[in-house]
Amino acid sequence: MKNIILVAPPAAGKGTLSKQLSDNLGYISLSTGDMLREASKSNLQLQEEIKSGKLISDETVFSILEEKINNLGAVPYILDGFPRTEQQAIMYKELLQKINKKIGVVIYLDVPKEELEQRVTTRVICPNCKKSYSLRNKLLKPIEEGICDDCKETLIQRVDDSKEVFDQRYEEYLSKTQPLIDFYETEGILKRITSQTIDDVYEDALKIID
Ligand code: AMP
């Protein structure tokens, strides 16, 4: 199976697609957002930086991720939320050359800003398995209000899932992450998904990695 890089604006569904692919196909999902949130539990400064909606330094993110990738061996993996800048893409390309791994495919989830804003302010997640739910969409509500269907943990809202922080994160996305789309298009490995429902996005992704 090909390794996958997911590129998308905030709340486009990277986490959901990544979870489906790992649950159903055995991919390992590497979410830099989850790794940073975990690291921020013992690092107040990092916590504040994430809460501001700004990107964390390339060096910090890369050092956390590099170790994980080096320890993976031949298991196929999905990068969820990395690279976020062209500089990170270059660092990643150099790492792959060093460890002799193929880049695989880049999946770009293309979702309009208005839809993202709606999603972000109605999203709750499980702090344990990271599954994401929607308070707005009937199909994505938990069975029991406020409780994760799978691990029965109390659902929480992410500290950066407010309208104000979304605006900042979206600005960061436009200025720093969108140039990646051109970068990977030039490399000839970018595949775009414009579907909106979870099932359609998953079906499109299966066709891409087939
Ligand atoms: P996410 O869970 O992917 O939406 O990421 C949440 C937050 O973690 C982002 O708004 C950034 O502050 C930080 N973050 C996650 N991945 C990266 C990355 N590759 N580079 C820099 N910051 C990141």
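Both ligands and their constituent atoms are indexed starting at 1 by order of listing.
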Atoms in ligand 1 flagged as close to Lys54, the criterion being non-hydrogen separation under 4.0 Å: 11 (C), 12 (O)
Arg123 and side-chain contact (heavy atoms from CB on, under 4.5 Å): which single residue from Arg136, Gln157, Arg158 fits? Arg158
For Met35, state whether at least one heavy atom is located under 4.0 Å from any atom of ligand 1. no
Nearest-option assignment for atom 7 (C) of ligand 1, heavy atoms, candidates Asp160, Val120, Leu6: Asp160
For atom 22 (N) of ligand 1, closest protein heavy-atom neighbour: Ile56 N, 3.0 Å
Is the shortest N/O to N/O distance between Asp34 and ligand 1 below 3.5 Å? no
Going through the checks in order, is the salt bridge (charged side-chain N to carboxylate O under 4.0 Å, His left out) test met by Glu117 and Lys163? CA-CA 7 Å; Glu117 203 174 303; Lys163 160 88 176 76; 3.8 Å; yes
Pick from Pro10, Pro83, Gly81: the one approaching atom 19 (N) of ligand 1 most closely through a non-hydrogen atom: Gly81
Show which atoms of ligand 1 fall inside a sub-4.0 Å distance from at least one heavy-atom site of Arg37. 2 (O), 6 (C)
For the backbone of Asp149 and the side chain of Tyr133, can you confirm whether one donor and one acceptor N or O come within less than 3.5 Å of each other? yes
What are the atoms of ligand 1, with element, lying closer than 4.0 Å to any heavy atom of Gln88? 18 (C), 19 (N), 20 (N), 21 (C)
Presence of salt bridge, Glu203 and Lys207, under 4.0 angstrom: no
Which is closest to atom 23 (C) of ligand 1 by heavy-atom distance: Leu36, Leu65, Thr32? Leu36
Using 0.5 Å steps for rounding, measure from the CG atom of Asp161 to the CZ atom of Arg169. 5.0 Å
Between ligand 1 and Glu49, is the shortest N or O to N or O distance under 3.5 Å? no
Any chance you could measure Ile143, atom CD1, to Cys148, atom SG, to the nearest 0.5 Å? 9.5 Å
Does the side chain of Gln118 pick up a donor-acceptor pair with the side chain of Glu114 at under 3.5 Å? no
Any N or O of Arg158 that comes nearer than 3.5 Å to an N or O of ligand 1? yes
Quick one: sort the Phe62 and Phe82 rings into parallel, tilted or perpendicular, breaks at 30° and 60°. tilted
Exam field: side chain Lys130 to backbone Pro127, donor-acceptor pair closer than 3.5 Å: yes
Is ligand 1 under 4.0 Å from a heavy atom in the side chain of Val61, in the backbone, in both, or in neither? side chain
Numbered in order shown, the ligand 1 atoms found under 4.0 Å of a heavy atom of Lys14 are 3 (O)
Could you tell me whether Ile50 and ligand 1 have an N or O pair separated by under 3.5 Å? no
May I ask you to check whether over 12 heavy atoms, not counting those of Lys93, lie within 6.0 Å of atom NZ? no
Any donor-acceptor N/O pair, Tyr27 side chain to Gln20 backbone, under 3.5 Å: no
Can you report which non-hydrogen protein atom sits closest to atom 9 (C) of ligand 1, along with the distance? Arg84 NH2, 3.4 Å
Side chain or backbone, does Ser31 bring an N or O within less than 3.5 Å of an N or O on ligand 1? no
For atom 10 (O) of ligand 1, tell me which residue out of Gln168, Gln87, Arg169 has the closest non-hydrogen atom. Arg169
